[in-house]
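Notes to accompany the following structure.
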Amino acid sequence: MSTPSLRSSPEWKALAKHWQALRGTTLRQLFDADAQRGTRLVAEGAGLYLDYSKNLVNSETLKLLQKLAQARGVFARRDAMFRGDKINETEKRAVLHVALRAPRGEKIYVDGKDVVPEVHEVLDRMAAFSDKLRSGEWRGHSGKAIRNVISIGIGGSDLGPVMAYEALKHYSRRDMTFRFVSNVDPTDFVEATRDLDAEETLFVICSKTFTTLETLTNAHAARDWCLAQLGGDDSAVAKHFVAVSTNADEVRKFGIDTANMFGFWDWVGGRYSMDSAIGLSTMLAIGPEHFREMLAGFHAMDEHFRSSPAERNLPLLMGLLSIWYNDFFGAQTVAVLPYAQYLKRFPAYLQQLTMESNGKHVTLAGEHVDYPTGPIYWGEPGTNGQHSFYQLIHQGTRLIPCDFIGFMHSLNPLGGQHDLLMANLIAQTEALAFGKTPAQVRAEGTPEWLVPHRVCEGNRPTNIILAENLTPHSLGALVALYEHSVFTQGAIWHIDSFDQWGVELGKQLAKKVIPQLQDAQEPKLAHDSSTNALIRRYRVARKTPS
Ligand code: G6Q
């Protein structure tokens with residue numbers, strides 16, 4: 001794909017000129033000039049409400065950003081994704097996480113084959129297995145029902161399941177234990193299993209490739225742990241291990257019966273896979289019906305993204321606003337601040353989705369970009385963050401656009417606590433937008449020398465995303481909102497949001513060093529002097545008892 005330079009396009013130049021004109025304007029002025037702004041710059045879709053009025057934009061900005069989207073082919077690329085075209089150009093793959101939540105009967109073709117029936121076949125198998133396990137019909141090797149599920153995976157094969165389990169804990173089986181092991185640090189596995197009985201434990205090994213070092217290492221540790229408790233009988237593996245993978249050969253080699261394997265496809269990227277069989281642990285926790293509700297939430301947002309007009313299209317608006325701050329204001333990060341304790345892993349999940357997707361330095365044509373791409377996403381649940389890093393957002397020297405996420409009702413109502421939570425969300429966005437002027441600070445009787453310290457300049461932009469309740473449906477819609485916002489940004493930058501060559505490199509790197517740490521013979525080291533010294537130091541320590 002040949003890429004006309006982004007920065008020299010008329011749409012970009014128009015935005016740059018507009019930015020020059022708008023940059024001195026404050027949110028206070030924008031709100032004063034338009035009494036309806038807070039109800040005008042809002043949009044709704046798939047059960048989510050987006051208030052984007054507290055952004056440093058006016059109608060002209062939005063128009064110009066939409067023109068940019070049009071000129072950069074965002075809509076054509078979106079349609080190509082939904083059609084099953086191979087838009088992951090560096091891996092020559094379709095990008096069809098949207099097919100994972102397509103309703104039965106919809107048709108989406110990859111290489112001439114409708115993939116929707118296969119998706120539902122796997123979902124049905126997952127549901128049948130979940131029902132069996134949750135009802136106690138599926139028994140462990142010694143005949144006991146399964147009460148503990150440990151999902152082993154890493155990156156895209158872990159972050160989604162962990163996040164979804166935490167987010168939907170309210171809907172989960174409370175008489176079962178669900179844990180997640182990802183790190184090759186043995187502590188992760190040991191802590192996850194120390195109080196469990198292997199007779200009642202099922203391992204779900206999640207790996208698209210089934211070759212990932214961390215996951216395979218932990219899977220072997222799990223097998224040893226299991227067999228040690230179950231009398232060393234290899235046939236126990238069939239009752240205590242299932243696999244989620246695209247690689248049947250490796251699954252078989254590991255010793256898992258492929259009858260206990262749940263497949264997915266190369267057109268599902270790791271970070272886009274929580275709604276594929278990678279979400280088996282989610283389904284085991286919340287049950288097939290809730291899982292399907294979650295898929296319906298994803299699908300509702302897909303349809304919204306596909307068919308809503310640009311000015312009311314939530315993911316498109318969020319993606320364009322992100323471009324506005326990242327590329328024109330020079331903002332380097334975005335804070336994601338869920339006012340929901342259940343979403344405590346949501347920022348970590350989003351870090352992978354956003355940064356692995358759009359952390360790219362060349363265009364699809366292989367040219368070095370001359371504009372900043374993917375911003376850094378980070379965050380913590382509110383109100384906790386208010387007592388730590390919000391200081392920098394309010395009064396620091398950096399511009400940090402924030403996404404505030406909240407729910408109208410609590411799943412755990414307790415006195416007026418939910419009101420306090422939401423009051424904080426609302427008040428923070430107000431304070432960030434409008435700050436506290438010197439006059440306001442003085443009116444509080446503040447001595448003059450203290451006034452500059454207490455002034456908050458405001459003008460800090462925020463998106464506010466609200467849903468009625470945290471449900472499987474709203475979680476699905478929320479994740480899809482970010483997926484498509486990431487897509488929009490990547491499409492504007494003309495980068496491949498669906499490859500991850502840097503991650504692939506990481507997978508290779510340690511392989512060379514491992515034998516150099518472990519070999520009995522002193523290895524011949526030809527790294528740089530720092531790496532050589534570190535390896536030697538570790539080898540010495542390794543021989544010394546701790
Ligand atoms: C996701 C990435 C990466 C991947 C893990 C695990 O988009 O490719 O995070 O999910 O490296 O890979 P496997 O599922 O193949 O073990």
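Any value given below was found using the heavy atoms of this structure, including those in side chains, with hydrogens, waters and symmetry copies removed. Counting starts at 1 for both ligands and their atoms, in listed order. In this text the structure is predicted, and so the values were computed from the model without any measurement.
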Can Arg306 be said to sit on top of Phe75's aromatic six-ring, NZ or CZ under 6.0 Å from centre and within 45° of the ring axis? no
Does Arg173 use its side chain to pair, donor to acceptor, with the backbone of Gly287 at less than 3.5 Å? no
Got a donor-acceptor contact below 3.5 angstrom from the His141 side chain to the His240 backbone?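 No, because the side chain of His141 does not come within donor-acceptor range (under 3.5 Å) of the backbone of His240.
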Applying the ring pair (Phe, Tyr, Trp, His ring centres under 6.0 Å) test to His97, which of Tyr272, Trp265, Phe487 qualifies? Tyr272
Answer side chain, backbone, both or neither: which part of Lys208 comes under 4.0 Å from ligand 1, heavy atoms only. both
How close does the nearest protein non-hydrogen atom get to atom 9 (O) of ligand 1, and which residue and atom is it?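 Among all protein heavy atoms, the one nearest atom 9 (O) of ligand 1 is Gln352 NE2, 2.7 Å.
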Counting both backbone and side chain atoms, is some N or O of Gly155 under 3.5 Å from an N or O of ligand 1?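 No - when backbone and side-chain N and O of Gly155 are compared with those of ligand 1, no distance drops under 3.5 Å.
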Considering the heavy atoms of [X], write down every atom of ligand 1 situated less than 4.0 Å from one of them.
| X | result |
| --- | --- |
| Ser207 | 13 (P), 14 (O), 15 (O), 16 (O) |
| Ser157 | 10 (O), 13 (P), 14 (O) |
| Glu356 | 1 (C), 2 (C), 3 (C), 7 (O), 8 (O), 9 (O) |
| Lys507 | 5 (C), 6 (C), 11 (O), 12 (O), 15 (O) |
| Gly156 | 3 (C), 4 (C), 9 (O), 10 (O) |
| Thr212 | 12 (O), 13 (P), 15 (O), 16 (O) |

Under a 4.0 Å threshold between the charged nitrogen and the carboxylate oxygen, would [Y] count as salt-bridged to [X]?
| X | Y | value |
| --- | --- | --- |
| Asp302 | Arg78 | no |
| Asp499 | Lys360 | yes |
| Asp195 | Arg179 | yes |

